[in-house]
Amino acid sequence: MLIFVKLVLAHLIGDFMLQPLTWVVHKEANKIRSKYLYLHVFLHFALYALVLWDLSLWKIPVILALSHLMIDLSKLYANPWFKNKSIPFFLDQFLHVIILYVCSYYTALPEHFISLLENLNWPLVLAVVFVTFPSAIIMGMLLEPMSGQINIDHKSLPNAGKYIGIIERLFVLVFIVMGRWDAIGLLITAKSVFRFNDLKESNSRKLTEYILIGTLVSFGLAILAGLWYLNYIEPIG
């Protein structure tokens, strides 16, 4: 586990702290001919070797540096295929983490992976998944009859409400698991403050009621998921 932590630390430093924007722009423009691509890879090699500080593990920095070069090259050439540039970025980071994991546990990879799955908190995973997109769809179905009666006279970011709802439900779930019910009250207060200007400018009773119902349903779904999880790990009665 410590090796994996060290390698992830080296990766974060190399990819996010020691990679100037000028390097990124130069790599995107010149791709395989960019000198900064190879400098970036060498920097990663040096960081991996530094955090491991063990000559017997020399193969790990070499393999990671070569895989980093291949993944970054693939990303540079695949970038034009994606309109949403966050997709290749997250795919790139996901592949890097997978390689780091494999190199960290290569001596007992199947056993460690099976152990990881067996020790995973599946009820918590279920609760987390439920409060994300499934809850968003449930809310959409419940509020659909009312949404047609609301006149929105201001522009909003696409799907902003959906993602705000997902994030707030995740916060509520985390607070419940931690036993911090008071923090949920603070979250509701903060949301009310941010929504105050919208409601004040619209001066619409229907919009106020719609937002209130949506907030209560959203928090209610998260609270139900949290209570179910707490009852699962420690049944009532």
- Message: Does the plane of the ring in F133 sit parallel, tilted or perpendicular to the ring in Y163? Use 30° and 60° as the thresholds.
- Response: perpendicular

Taking the side chain as every heavy atom from C-beta outward, state whether [X] and [Y] have any pair of such atoms under 4.5 Å apart.
| X | Y | value |
| --- | --- | --- |
| F45 | V41 | no |
| L52 | W58 | no |
| V172 | L221 | no |
| Y232 | L124 | no |
| K75 | L91 | no |
| I138 | F130 | yes |

[X], [Y]: one ILVMFWY side-chain cluster at the under-4.5 Å cut-off?
| X | Y | value |
| --- | --- | --- |
| V8 | I63 | no |
| L66 | M70 | no |
| V5 | Y105 | yes |
| Y101 | L117 | yes |
| V97 | F94 | yes |

How long is the span from the [atom1] atom in [X] to the [atom2] atom in [Y], to the nearest 0.5 Å?
| X | Y | atom1 | atom2 | result |
| --- | --- | --- | --- | --- |
| N30 | I32 | CG | CD1 | 11.5 Å |
| H68 | I99 | NE2 | CD1 | 11.5 Å |
| L116 | E118 | CG | CD | 10.0 Å |
| L173 | I223 | CG | CD1 | 10.5 Å |
| I137 | M139 | CD1 | CE | 12.5 Å |
| L64 | L47 | CG | CG | 11.5 Å |

- Item | Pairs satisfying salt bridge (Lys or Arg N to Asp or Glu O under 4.0 Å), at least one member in residues 17-43, at least two apart | K27-D72

- Residue of the set I60, L43, L100, L57 for which side chain to side chain contact (heavy atoms under 4.5 Å, CB included) holds with Y48: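 One option only clears the test, and that one is L100.
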
- Item | Stepwise side-chain contact (heavy atoms from CB on, under 4.5 Å) test for H44 and D15 | CA-CA 8 Å; H44 271 272; D15 248 19; 3.1 Å; yes

- Could you please spell out the steps behind the side-chain contact (heavy atoms from CB on, under 4.5 Å) verdict for R169 and T132? CA-CA 7 Å; R169 287 191 295 275; T132 56; over 6 Å; no

- Task: Please identify each residue that fulfils side chain to side chain donor-acceptor pair (under 3.5 Å) with T107, with sequence neighbours left out.
- Result: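 So T107 forms no side chain to side chain donor-acceptor pair (under 3.5 Å) with any residue.
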
- Item | Under 4.5 Å side-chain linkage, directly or through intermediates, the cluster mates of I114 |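 Besides I114, the cluster holds no residue at all.
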
- By the rule that ILVMFWY residues connect when side-chain heavy atoms come within less than 4.5 angstrom, directly or transitively, which residues belong alongside W53? L50

- Message: Check this for me: L55, atom CG, are more than 12 non-hydrogen atoms of other residues, nucleotides or ligands nearer than 6.0 Å?
- Response: no

- Heavy-atom count around K59 NZ within 6.0 Å, excluding the residue itself: above 12?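 No, NZ of K59 has 12 or fewer neighbouring heavy atoms, counting only those of other groups under 6.0 Å.
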
- Under the criterion ring pair (Phe, Tyr, Trp, His ring centres under 6.0 Å), which of F16, Y38, Y36 is the partner of W23? Y36

- Not counting sequence neighbours, which residues clear ring-ring contact (aromatic ring centres under 6.0 Å, His included) with Y229? List them please.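 By the ring-ring contact (aromatic ring centres under 6.0 Å, His included) rule, Y229 matches no residue at all.
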
- Item | Residue list, side chain to side chain contact (heavy atoms under 4.5 Å, CB included) with K6, at least two apart or on another chain | L2, V51

- Item | Evaluation steps, side-chain contact (heavy atoms from CB on, under 4.5 Å), between L170 and V131 | CA-CA 7 Å; L170 286 171; V131 299; 3.6 Å; yes

- Does the side-chain contact (heavy atoms from CB on, under 4.5 Å) test come out yes or no for W181 and F175, once each step is laid out? CA-CA 6 Å; W181 289 87; F175 292 148; over 6 Å; no

Search all heavy atoms of [X] against all heavy atoms of [Y] and return the closest pair with its distance.
| X | Y | answer |
| --- | --- | --- |
| S104 | L7 | OG-CD1, 3.3 Å |
| P88 | N84 | CD-O, 3.4 Å |
| S218 | G165 | OG-O, 4.0 Å |
| L76 | P80 | O-CD, 3.8 Å |

- Item | Check: S115 main-chain N/O paired with N119 side-chain donor or acceptor under 3.5 Å |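 Pair found, side chain donor or acceptor close to backbone of S115.
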
